[in-house]
Structure formats: structure tokens, C-alpha cells
Amino acid sequence: MPTNEKEYNGYLFDQLTILDDLQEVAETEQATNTLKLIAKKRKQIERKLYQMPPLHNPDSQS
């Protein structure tokens, strides 16, 4: 499990990279249901990645 925000963001970017690879195959095979699911998952991941305020609490001492 990621221990800090930078590590967590790296994890989310890795997930986006995997979705990019899957999307490439789905487009080649014209798998419309798969493309819809990929788009949904991408939105979910991006919502976590670009959340406001960020995970880091500047008031904390860690």
C-alpha cells in the first residue's frame, strides 16, 4: 500500500498506463463495451488523482 501522496499518485498513473494499453487493444477489436468500461475507470482514477484538496494535509507533522 502506498505510504505517501507521491507514491499513491505513481500508483494511479500506473493504472492509467494499463488502461491506455487496454484501450489500444479494445479500439483495434472495436470492443465498444470494453471501451465504455475503460472510460468509466479512467474517470474514477482521475477523480482520485486530481482530487481537491490533495491527500497531503499541510497541517500534519509527517
Side-chain angles (χ1 to χ4, degrees):
M1 188 72 192
T3 59
N4 59 43
E5 186 174 0
K6 184 176 181 180
E7 191 175 331
Y8 185 64
N9 287 347
Y11 173 74
L12 293 173
F13 279 120
D14 289 344
Q15 288 184 335
L16 289 173
T17 300
I18 292 168
L19 287 179
D20 288 339
D21 295 342
L22 293 173
Q23 182 176 351
E24 186 177 329
V25 173
E27 287 172 349
T28 301
E29 296 179 357
Q30 298 178 346
T32 55
N33 288 336
T34 303
L35 288 169
K36 288 178 186 177
L37 181 59
I38 289 169
K40 177 182 174 183
K41 291 298 178 187
R42 183 180 310 280
K43 285 180 187 177
Q44 292 170 343
I45 293 167
E46 288 175 348
R47 184 172 52 236
K48 291 177 187 176
L49 185 60
Y50 301 115
Q51 69 183 350
M52 291 307 233
L55 291 176
H56 175 69
N57 184 352
D59 297 330
S60 70
Q61 298 291 331
S62 47

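Side-chain atoms are counted along with the backbone in the values below, which use heavy atoms only and exclude waters and symmetry mates. Because the structure is predicted, anything quoted here is derived from the model rather than measured.
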Response to the item:
Taken to the nearest 0.5 Å, the spacing of Thr28 OG1 from Gln23 CD works out to 10.5 Å

Worksheet item: Taking only residues two or more places apart in sequence or in another chain, which ones pass side-chain contact (heavy atoms from CB on, under 4.5 Å) with Lys41?
Response: Leu19, Leu37, Gln44

Worksheet entry | Partners meeting side-chain contact (heavy atoms from CB on, under 4.5 Å) with Ala31 (sequence neighbours left out) | Ala26, Thr34

Practice prompt. Identify, with sequence neighbours excluded, every residue that meets salt bridge (Lys or Arg N to Asp or Glu O under 4.0 Å) alongside Asp20.
Written response: Arg42

Worksheet entry | Donor on one side chain, acceptor on other, Tyr11 and Gln15, under 3.5 Å | yes

Practice prompt. State plainly whether one hydrophobic cluster holds both Ile45 and Leu35, where clusters connect Ile, Leu, Val, Met, Phe, Trp and Tyr through side-chain heavy atoms under 4.5 angstrom apart.
Written response: no

Discussion item. Please find the pair of heavy atoms, one from Asn9 and one from Leu49, that lie closest to each other, and give the distance.
Written reply: OD1-CD1, 3.5 Å

Discussion item. Let me check something: do Val25 and Leu16 share a hydrophobic cluster, defined by ILVMFWY side-chain heavy atoms less than 4.5 Å apart, either directly or through other members?
Written reply: no

